[in-house]
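Everything below concerns the one structure shown next.
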Amino acid sequence: MRAVICIHSGERYALPLSAVRRVTEVSVIARVPRSPPALLGVMNQQGRVACVVDLGPLVGLKPRPARPEGRVVMLQRPRGDVGLYVAEVAGIESLPSDGEPLTEPLGAACATVELAGGPVKLIDAELLQRAIDNLVEA
C-alpha cells in the first residue's frame with residue numbers, strides 16, 4: 001500500500017494514498033462559532049469552502065491550533081470538501097502489508113509498521129471518514 005506520511009505532534013501517521021486528493025498550504029482559516037475544538041474552521045480551497053479538521057483528536061491526541069507552516073491534506077470524499085491539518089507532510093512511501101495492530105486503537109489509527117525512519121501509525125480511511133462525518137455533522 002502506498003501512503004502519505006504525515007507528522008503531527010511528533011508522531012508519524014500514514015494516510016492511504018487513495019484517500020488523499022492533494023496536499024496544500026494552510027491559508028486563512030475562519031473559525032466556526034460553537035464548533036468543537038477539533039474542527040479548526042473553514043478555508044477557501046480553489047474557490048470552494050472546505051472544513052479543516054485537526055488530525056490530532058482523530059488519532060487520540062489533544063487538539064492544537066493550526067500554524068501557518070503546517071499543511072492541509074485534502075481528502076477524497078463523496079460529499080463535502082474536508083482537509084486534515086497536520087504539522088508536516090514527509091512524503092509518499094510504500095508500506096508493508098503486515099502492520100502490527102495497536103493494543104488500544106487510537107481513533108482512526110489502528111496499526112503500526114516499522115519504516116527506515118521509525119514507527120508509523122496506520123490510519124484506517126473508513127474509520128477516519130466516519131470520525132470526520134460525526135465531527136462535521138455534530
Side-chain angles (χ1 to χ4, degrees):
M1 170 179 82
R2 292 180 44 84
V4 175
I5 307 300
C6 303
I7 300 171
H8 200 65
S9 295
E11 298 282 334
R12 296 187 333 148
Y13 296 92
L15 279 164
L17 189 57
S18 61
V20 175
R21 183 181 310 151
R22 71 181 163 281
V23 175
T24 185
E25 294 180 352
V26 175
S27 64
V28 176
I29 297 176
R31 187 87 179 117
V32 177
R34 295 186 294 276
S35 63
L39 179 58
L40 298 175
V42 295
M43 69 182 228
N44 181 347
Q45 188 52 218
Q46 297 182 332
R48 297 172 58 146
V49 175
C51 291
V52 180
V53 177
D54 180 9
L55 174 65
L58 302 175
V59 293
L61 302 172
K62 291 183 179 180
R64 57 186 277 179
R67 297 182 184 272
E69 64 273 9
R71 294 287 178 257
V72 176
V73 179
M74 297 302 299
L75 301 175
Q76 295 280 10
R77 287 177 47 91
R79 64 178 206 270
D81 290 340
V82 174
L84 286 179
Y85 169 77
V86 298
E88 182 181 340
V89 173
I92 297 173
E93 299 228 11
S94 291
L95 303 179
S97 59
D98 59 338
E100 179 72 28
L102 294 173
T103 52
E104 291 183 36
L106 301 169
C110 58
T112 186
V113 294
E114 272 304 317
L115 295 181
V120 177
K121 292 181 180 145
L122 302 177
I123 294 176
D124 180 286
E126 193 173 307
L127 290 175
L128 180 66
Q129 294 291 2
R130 274 192 249 140
I132 290 170
D133 287 344
N134 289 339
L135 183 69
V136 172
E137 294 171 3

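Position 1 is the first residue of the sequence, and the numbers go up from there.
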Single-linkage hydrophobic cluster L135~V73, side-chain heavy atoms < 4.5 angstrom: yes
Expected output: side-chain T112 to main-chain V120 donor-acceptor under 3.5 Å: yes
Shortest non-hydrogen contact between G118 and E114, atoms and distance: C-OE1, 3.7 Å
Residue pair V86 / C6: nearest heavy atoms and the distance that separates them: CG1-CB, 3.9 Å
Closest non-hydrogen atom pair, G99 against V113: CA-CG1, 3.5 Å
Heavy-atom side-chain contact between V20 and R2 under 4.5 Å: no
E69 CD: over 12 foreign heavy atoms closer than 6.0 Å: yes
Heavy-atom side-chain contact between M74 and D81 under 4.5 Å: yes
ILVMFWY network linking L58 to L15, side-chain heavy atoms under 4.5 angstrom: yes
4.5 Å side-chain heavy-atom contact, V52 and Q45: no
CD1 on I29 to CG on N44, rounded to 0.5 Å: 12.0 Å
4.5 Å side-chain heavy-atom contact, L115 and P96: yes
Whether over 12 other heavy atoms sit under 6.0 Å from Q76 CD: yes
Hydrophobic cluster membership, I92 vs L75, 4.5 Å side-chain cutoff: yes
hydrophobic_cluster_shared for L39 and L55, side chain cutoff 4.5 Å: yes
Sub-4.5 Å side-chain heavy-atom contact between H8 and R64: yes
ILVMFWY network linking V42 to V82, side-chain heavy atoms under 4.5 angstrom: no
Non-hydrogen side-chain atoms of L95 and I5 separated by less than 4.5 Å: yes
Heavy-atom side-chain contact between V59 and K121 under 4.5 Å: no
Interatomic distance, E88 atom CD to R12 atom CZ [nearest 0.5 angstrom]: 10.0 Å
Pairwise side-chain contact, V89 with R71, heavy-atom cut-off 4.5 Å (strictly under): yes
Closest heavy-atom pair and its distance - A90, I7: CB-CD1, 4.2 Å
Minimum-distance pair of heavy atoms, taken over all atoms of A125 and A19: CB-CB, 4.1 Å
Modelled atom types, side-chain donor and acceptor of R22 and Q46, under 3.5 Å: yes
Side-chain donor or acceptor of Y85 paired with backbone N/O of G56 under 3.5 Å: no
